[in-house]
Every structure is written in C-alpha cells, then in structure tokens.
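Following: one structure in structure tokens, then a few remarks.
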Amino acid sequence: MWGRGLATEGAIALRDEGFERVGLDRLWARYQTVNRASARVAEKIGMRPDQVALGRHGEPVQLTSLARDQWETVRQGYPSTAP
C-alpha cells in the first residue's frame, strides 16, 4: 500500500474541501520532523514550513500552512476534487 500516492490524494481532497466548501483563509498542518513522508505530502500539496515547535511529548514538530491565495496558485498543478 505504501508509495502509491494515496496520502497525497487524500490531502489534496481535504485541502480543496477546506478552501472550496468550508471557506478557510488558511490551512495548517503539523508533523514530526523525522517523518519525511508527511513532509513530502505537505510539500506536494503546496504547504510551506512556518516554524518548528515542540509537540505534546517534547518531540520537534514542523508547522506548515497554506494561505488561500497560495492555494489558488498551486491547485492549478493538481486536479480539483470538486464535483
């Protein structure tokens, strides 16, 4: 199941849902800095690193975000999930 792009596909669907239907101005995500797969998914859907913080258990977590205007630019490179 790994390496087939399913996480990216799901993340694109959630990203588009947040901006298209929910009307978000900004989408946030966080992942443990050692999790390169999650970092790659965030990067693929247009998110950019903001800062590193400490998680609940003291582990470093990367905070990322994507603003609506950035999304409008990056979504042109991916198929929309809107019906």
Side-chain angles (χ1 to χ4, degrees):
M1 295 295 288
W2 299 108
R4 293 182 17 200
L6 298 177
T8 300
E9 186 176 324
I12 289 169
L14 289 172
R15 177 199 69 188
D16 292 348
E17 179 81 8
F19 288 116
E20 290 174 354
R21 295 190 191 188
V22 178
L24 297 177
D25 291 323
R26 182 173 291 272
L27 184 65
W28 297 88
R30 70 179 193 160
Y31 53 84
Q32 291 182 358
T33 57
V34 297
N35 190 333
R36 296 306 309 149
S38 291
R40 185 69 183 125
V41 169
E43 182 182 303
K44 282 181 179 181
I45 69 165
M47 300 189 99
R48 296 294 173 249
D50 289 322
Q51 67 179 356
V52 175
L54 292 179
R56 264 191 321 190
H57 305 288
E59 75 282 6
V61 293
Q62 178 68 58
L63 305 176
T64 64
S65 69
L66 180 65
R68 174 176 286 281
D69 62 334
Q70 295 168 319
W71 166 71
E72 290 170 349
T73 300
V74 299
R75 76 176 175 157
Q76 294 172 10
Y78 296 97
S80 175
T81 58

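Scope of the values below: all heavy atoms of this structure, side chains included, with no hydrogens, waters or symmetry mates. Everything numeric here is computed off the predicted structure, so don't read it as measured data.
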Task: For the student: nearest non-hydrogen atoms of Pro49 and Thr64, plus distance - done: CA-CG2, 3.9 Å
Task: Contact summary for Leu63 and Ala53, nearest pair of heavy atoms - done: CD1-CB, 4.0 Å
TODO: State the CD1-CD distance between Ile12 and Glu17, to the nearest 0.5 angstrom.
DONE: 14.0 Å
TODO: Give, for atom CE of Met47 and atom CD of Gln62, the distance between the pair rounded to the nearest 0.5 Å.
DONE: 10.5 Å
Task: Closest approach of Gln70 to Arg26 (non-hydrogen atoms, all atoms of both residues) - done: OE1-NH1, 4.5 Å
- [ ] Look at the side chain of Arg15 and the backbone N and O of Ile45, then say whether any donor-acceptor pair between them is shorter than 3.5 Å.
- [x] yes
Task: Minimum heavy-atom distance between Thr33 and Val61, given as atom pair plus value - done: CG2-C, 4.0 Å
Open item on the list: Here's a test for you: under side chain to side chain contact (heavy atoms under 4.5 Å, CB included), which of Leu24, Asp16, Leu27 qualifies with Trp71?
Closed with: Asp16
Open item on the list: Please report the interatomic distance CD(Glu9) to NZ(Lys44), rounded to the nearest 0.5 Å.
Closed with: 11.5 Å
Task: Gly46 to Leu66 - nearest heavy-atom pair and separation - done: O-CD1, 3.2 Å
TODO: State, to 0.1 Å, how close Ser65 and Trp28 come at their nearest heavy-atom pair, and which atoms those are.
DONE: CB-CE3, 3.6 Å
Open item on the list: Would you compute the distance between atom CZ of Phe19 and atom CG of Asp25 and round it to the nearest 0.5 angstrom?
Closed with: 8.0 Å
